[in-house]
Structure formats: C-alpha cells, structure tokens
Amino acid sequence: MQADKAFNYLVRIPSWVSEATVSVNGGNPTEVKAENDSGLAGIALPAGKSTFTLYLPAPITIGTCRTLWHQDSPVL
C-alpha cells in the first residue's frame, strides 16, 4: 500500500490466536495484540509504500467434532 502520511492500519486478531506478530517492511517481527474487546489491533505504517506480514498462529486441537449440518436440516 502507499500513503501520503503515516497512519494506523487496523487488523482483526481472532480471540483464539496467541502470540500474533507483525513485520513491517521486512523488519523484525513484533508482537501484536487486540487493543480491546473489538479484536482490532493497529499497525503503525509510515508514509510511502509499505508492506506488512501478519502471522496468526493457529493451535492444533484434537477433540469432538460438532455437526453443523444434518441431512434433515432445512435448507436456508
């Protein structure tokens, strides 16, 4: 993206994510957390052209599957 001035880009951090990181313009990754219950986090981007990499690790869990659809369910 390219901007005339520096700004905060908001991204959603899902509640199930822990240890999310962001790297701006190829820099070192830094931890990013949601600022409040909205789940949004601000990423400070400088003026000009920027790229960022957002890493959202997903835990692998083993448990009981829950059926979300059944053949007798009405079609919505």
List the steps, then state whether side-chain contact (heavy atoms from CB on, under 4.5 Å) holds for Thr53 with Thr51.
CA-CA 7 Å; Thr53 302; Thr51 59; over 6 Å; no
Side-chain donor-acceptor contacts of residues 31-42 below 3.5 Å, not counting sequence neighbours, with atom names and distances?
residue	atom	partner	partner atom	Å
Glu35	OE2	Gly42	N	3.2
Asn36	OD1	Ser38	N	2.8
Asn36	OD1	Ser38	OG	2.6
Ser38	OG	Leu40	N	3.2

List the atom of Ser50, the atom of Asn25, and the distance in Å for their closest heavy-atom pair.
CA-OD1, 3.1 Å
Does Pro57 reach the side chain of Val17, with side-chain heavy atoms less than 4.5 Å apart?
yes
Report the residues that fulfil side chain to side chain contact (heavy atoms under 4.5 Å, CB included) with Asn8, sequence neighbours left out, ordered by chain and then residue number.
Ala44
Partners meeting side chain to side chain contact (heavy atoms under 4.5 Å, CB included) with Pro29 (sequence neighbours left out)
Thr21
If we only count heavy atoms from C-beta on, is the Leu54 to Ile13 side-chain gap below 4.5 Å?
yes
List for me each residue that meets side chain to side chain contact (heavy atoms under 4.5 Å, CB included) alongside Ser18, sequence neighbours excluded, and say none if there are none.
none
With sequence neighbours excluded, give me every salt bridge (Lys or Arg N to Asp or Glu O under 4.0 Å) pair touching residues 3-25.
none
